[in-house]
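I have placed the structure first, in the form of structure tokens, so that the comments after it can refer back to it.
Heads up: numbering here begins at 1 and tracks the sequence.
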Amino acid sequence: GLLRGIDLTRDILIENTDRFARGLPANNALLWGSRGAGKSSIVKAVHAHVNREMGGPPGPLALVEIHREDIPSLPGLLSRIRESKRRSVVFCDDLSFDGQDAAYKSLKAVLEGGIEGRPENVVFYATSNRRHLMPRDMIENERSTAINPSEAVEEKVSLSDRFGLWLGFHNADQDTFFAMIEGYAEYYKLGVPAETLRKQAVEWSVTRGSRSGRVAWQFVQEVAGQLGKKLGELLEEEMTNPEDVLFSPSVKAEQERLGSRASFATKEFATEITDNLRQFLDAIDTFFLSTADAKGRPYVQHRGGPPGFLK
């Protein structure tokens with residue numbers, strides 16, 4: 001793959017995810033560390049890898065993303081997943097808590113200490129720039145103002161203890177940074193000599209003040225732009241109707257293979273919100289947004305809130 005410098009972390013997460021997908025005991029995982037180090041990318045890559053190894057796509061494992069602000073709706077989400085036969089990785093990117101935010105208590109209860117507990121078919125993965133999910137000044141403030149400082153700090157940091165796996169991500173050294181860039185350059189056939197790339201990459205990393213996967217990708221985008229080259233395979237055909245947006249060419253080919261293409265080709269897709277749909281949207285307090293990429297890998301996001309929150 002294109003991820004560099006995180007081989008050990010990748011292997012640990014693959015092993016944990018593979019065990020979970022096979023119905024064996026597995027831990028919740030917290031991926032913490034430097035910005036742009038590939039934390040969220042590796043979660044999605046590991047999910048795709050495990051499903052592929054087990055006959056996918058789509059494979060036996062679902063990836064459901066929940067946003068930080070939707071944490072209060074997590075119990076409802078887990079209740080729905082509990083009823084499903086499919087195993088799910090519930091994923092929260094950039095998880096952290098500030099000030100008097102009490103949402104961490106509900107998350108802590110859901111992960112381990114609730115009456116029902118975490119469903120057997122769910123494991124929780126999260127990424128954060130903070131090892132204990134709290135800013136240091138918040139922890140220090142608790143230590144200085146509490147009647148029992150040690151108990152106050154324990155209460156704040158105990159959430160991170162709910163994650164059996166702590167996987168650290170740090171800024172890359174220069175050789176690893178070069179390997180990232182050269183990997184991208186080779187994959188996208190940029191045709192720039194390695195020595196030229198390295199010289200420009202050093203200057204780029206100095207201006208950014210760090211070396212990470214994100215910085216490497218931004219540098220490659222800059223080089224490609226200067227060369228007038230596009231990165232990736234872009235869908236160039238003009239999308240003239242809603243069905244073209246819903247179904248990519250690869251999805252249509254799969255429909256042909258399964259014999260369902262004819263029914264979808266003649267179906268009319270609504271482009272406006274009707275009165276009936278509006279009434280339905282006004283009543284719901286949760287919904288899932290599901291998509292699949294060109295290779296058929298599924299990606300599911302969850303949103304929750306009071307009735308009518310979806311506009």
Side-chain angles (χ1 to χ4, degrees), residues 1-18 27 29-50 52-53 63 65 68 91-96 125-137 139 160 163 165-234 293 297:
L2 294 174
L3 299 177
R4 299 285 193 275
I6 51 176
D7 295 358
L8 178 59
T9 303
R10 175 202 62 201
D11 292 345
I12 292 173
L13 193 63
I14 285 177
E15 181 182 356
N16 190 70
T17 309
D18 181 73
N27 278 303
L30 174 63
L31 290 71
W32 66 275
S34 302
R35 307 183 313 273
K39 299 184 293 293
S40 59
S41 295
I42 199 173
V43 170
K44 296 172 185 178
V46 165
H47 165 255
H49 171 81
V50 170
R52 188 166 55 248
E53 291 294 307
L63 180 64
E65 182 175 5
R68 158 66 186 84
F91 171 51
C92 184
D93 192 19
D94 198 19
L95 178 65
S96 63
Y125 287 178
T127 69
S128 179
N129 295 332
R130 301 164 178 168
R131 183 172 182 176
H132 291 294
L133 304 174
M134 310 280 181
R136 182 178 295 275
D137 60 348
I139 295 175
S160 60
F163 295 89
L165 284 182
W166 285 10
L167 303 177
F169 290 71
H170 310 283
N171 275 330
D173 58 33
Q174 186 161 279
D175 289 341
T176 303
F177 185 62
F178 287 158
M180 294 174 183
I181 290 170
E182 290 166 14
Y184 280 129
E186 180 180 358
Y187 181 80
Y188 290 111
K189 298 179 173 59
L190 296 183
V192 180
E195 287 303 317
T196 302
L197 281 175
R198 291 188 175 200
K199 181 179 178 180
Q200 295 176 359
V202 169
E203 296 176 359
W204 183 268
S205 65
V206 169
T207 61
R208 296 303 304 273
S210 67
R211 292 188 294 257
S212 68
R214 180 179 297 156
V215 173
W217 171 245
Q218 291 167 344
F219 170 71
V220 169
Q221 286 182 304
E222 176 68 15
V223 172
Q226 293 175 358
L227 295 173
K229 294 187 176 182
K230 293 182 178 180
L231 297 177
E233 297 178 358
L234 303 179
D293 65 15
R297 293 186 295 244

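- When all heavy atoms are compared, the tightest approach of Gly168 to Thr9 is O-OG1, 4.0 Å.
- Counting only distance, with no hydrogens or angles, the side chain of Lys44 and the backbone of Leu63 share no donor-acceptor pair below 3.5 Å.
- With Tyr125 as reference, Leu13 is the one residue of Ile42, Val46, Asn27, Leu13 to meet the side-chain contact (heavy atoms from CB on, under 4.5 Å) rule.
- Across Trp217, Phe177, Phe178, Phe219, a single residue satisfies ring pair (Phe, Tyr, Trp, His ring centres under 6.0 Å) together with Tyr184, and that is Trp217.
- The two atoms that bring Met180 and Ala172 nearest to each other are CE-CB, 3.8 Å, heavy atoms only.
- Contact annotation: the side chain of Glu53 never approaches that of Asp18 to less than 4.5 Å [non-hydrogen atoms, C-beta and beyond].
- Within the model, atoms CD of Gln218 and CZ of Arg214 stand 7.0 Å from one another, a figure rounded to the nearest 0.5 Å.
- Between the side chains of Glu222 and Gln226, at least one donor N or O sits under 3.5 Å from an acceptor N or O.
- Within a 6.0 Å radius of CD in Glu186, other residues, nucleotides and ligands contribute 12 heavy atoms or fewer.
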Pairs of donor and acceptor atoms involving the side chains of residues 191-200, under 3.5 Å and at least two apart or interchain, shall be tabulated with distances.
residue, atom, partner, partner atom, Å
Arg198, NE, Glu182, OE2, 2.6
Arg198, NH2, Glu182, OE2, 3.2

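- Residues Gly33 and Lys39 approach most closely at O-NZ, 3.5 Å, considering heavy atoms.
- Taking the side chain to side chain contact (heavy atoms under 4.5 Å, CB included) definition, one finds that Asp93 meets it with Ser40, Glu65, Phe91, Thr127, sequence neighbours left out.
- Checked against side chain to side chain contact (heavy atoms under 4.5 Å, CB included), Ile12 has the following partners two or more places apart in sequence or in another chain: Leu8, Leu165, Leu167.
- Between Arg211 and Ser205, the shortest heavy-atom distance links the atoms CG-CB, 3.8 Å.
- Interatomic distance, Arg52 CZ to His47 NE2, rounded to the nearest 0.5 Å: 11.0 Å.
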